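Data first, discussion second: the structure below is written as structure tokens.
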Amino acid sequence: MAKTLVFLEHHEGAVQKGSLGVLAKVDGAHGVVIGSGVRSIADGLGTLVWSADDERLEAPLPQPRVDVIAKLVADEGYDTVLFAQSVLAADIAAGLAARLGAGLNWGLIDFDGEKGRAPQLQDTVVVEVGWTSPVRLGIFRAGSLDAVALSGTSEVRDAAVELEDFSTLAEMVEQAHAEQQGPSIEDADVIVAGGRGLGQPENFSLAEELAKALGGAVAATRAVVDAGWYPYSAQVGQTGKTVAPKLYIALGISGAIQHKVGMQGSNTIVAINKDPNAPIFEFSDLGVVGDLHAIVPKLTELVRAKRGS
Ligand SMILES: Cc1cc2nc3c(=O)[nH]c(=O)nc-3n(C[C@H](O)[C@H](O)[C@H](O)COP(=O)(O)OP(=O)(O)OC[C@H]3O[C@@H](n4cnc5c(N)ncnc54)[C@H](O)[C@@H]3O)c2cc1C
């Protein structure tokens, strides 16, 4: 049986939902909390949790965290280290892979203690993945595990913090939070969602302009989020958010089942797609077959004219 350590990412004094999901997923997994003033975060998780609490770990930088985890792996004999997907987790996992010569499987949706499962080929198949290295690293896909509330007393142990010289060279200069304009997709009455049919990230401005004219919010499919065209927070579907606005306008979205499950509760669904056989038309109230690049700017103009904005 694997001896598993889960990196517990935290924000404002609480462990992130994704990390809790990974910890709950693997029977007998231990956790590690890393930061400054973080010991109390390790409480109440019902398992052994290492606390690496040191002011040099205050900034969420990856290399010092690689040092802490690499030492735990060496000293405590962990053979598996798992992460929930995030920018920080990806940086730490990549650093650990290099440091330990360990294999890293990315995008996991399952792990049974030996093998993992991960969607591949643009999510058309789910394959079994394994490791050939003695230490196994894995990152779970964002949103692939249900949020869980863990309880029970943690056995909190202090982890040694011995940082390499090169690990302290980077300095966090500033941390900023993205400002959100307009309603969130969970709250909006109108959502304009963009898919791969937009063609390129810049064309999301078409969705943004239409959403602005309608006083709505912009959502996206998994395909475009994975491609880095739009932030993950806008993803609708099985591994994203579930929304139920009064009006959902889908631009260049094929209507895959994993997208449908996140938006089928919308009151009125309008789809614009150039393929008359696109599955989205099967569950749309109004379908427009045509090139969105020609249709959407005109639609936005009409809405503006009608609303006098
Ligand atoms: C485990 C798992 C979880 C997943 N979770 C999600 C999820 O949460 N959310 C999600 O969205 N997907 C999810 N997916 C992915 C899903 O299967 C699809 O791959 C994805 O939804 C497709 O995105 P898309 O519609 O943007 O792209 P595509 O399927 O490539 O569709 C693009 C569409 O645009 C149309 N088009 C192209 N050019 C134009 C044009 N000029 N004008 C008009 N139309 C045009 C095309 O005809 C096509 O229908 C998941 C998959 C798996 C396996």
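What's counted below: heavy atoms across the whole structure, side chains too, no hydrogens, waters or symmetry copies. All values derive from a computational prediction rather than experimental measurement. Counting starts at 1 for both ligands and their atoms, in listed order.
- Listed by number with element, the atoms of ligand 1 under 4.0 angstrom from any heavy atom of Asp291 are 40 (C), 41 (N), 42 (N).
- If you check each of Ala278, Gly195, Ala118, Gly252 against atom 32 (C) of ligand 1, the one with the closest non-hydrogen atom is Gly252.
- Taking every non-hydrogen atom of Gly237 and a distance limit under 4.0 Å, the qualifying atoms of ligand 1 come out as 7 (C), 8 (O), 9 (N).
- Taking the charged nitrogens against the carboxylate oxygens, Lys246 and Asp189 do have a contact shorter than 4.0 Å, which makes a salt bridge.
- With salt bridges taken as basic N to acidic carboxylate O contacts below 4.0 Å, none links Glu164 and Lys71.
- Listed by atom number, the atoms of ligand 1 under 4.0 Å from Gly240 heavy atoms are 8 (O).
- Side-chain N/O atoms of Glu209 and Thr300 include no donor and acceptor closer than 3.5 Å.
- Atoms of ligand 1 found under 4.0 Å from any heavy atom of Ala223, numbered from 1 in the order shown, are 22 (C), 23 (O), 26 (O).
- For ligand 1, the atoms sitting less than 4.0 Å from at least one non-hydrogen atom of Gln235 are 6 (C), 7 (C), 8 (O), 9 (N), numbered in the order shown with element in parentheses.
- The existence of a salt bridge linking Asp67 and Arg99 is confirmed by a sub-4.0 Å separation between a basic side-chain nitrogen and an acidic carboxylate oxygen.
- By the 4.0 Å heavy-atom criterion, Gly290 is counted among the residues contacting ligand 1.
- Closest to atom 48 (C) of ligand 1 by heavy atom, among Val261, Asn273, Ile280, is Asn273.
- Taking the ring axis of Phe140 as reference, the NZ or CZ atom of Lys25 does not stay both within 45° of it and closer than 6.0 Å to the ring centre.
- Within the 4.0 Å heavy-atom criterion, the part of Ala256 lying near ligand 1 is the side chain and not the backbone.
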Quiz prompt | Verdict with reasoning, Asp158 to Asp53, per side chain to side chain contact (heavy atoms under 4.5 Å, CB included) | solution = CA-CA 8 Å; Asp158 291 318; Asp53 199 337; 5.6 Å; no
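- Ring-plane geometry between Phe7 and Phe83 is classed as tilted, the angle between the planes lying from 30 to 60 degrees on a 0 to 90 degree scale.
- The ligand atoms of ligand 1 that sit less than 4.0 angstrom from a heavy atom of His293 are 41 (N).
- Within the 4.0 Å heavy-atom criterion, the part of Val236 lying near ligand 1 is the backbone and not the side chain.
- Residues Lys241 and Ser233 meet the side-chain proximity criterion, which asks for heavy atoms closer than 4.5 Å.
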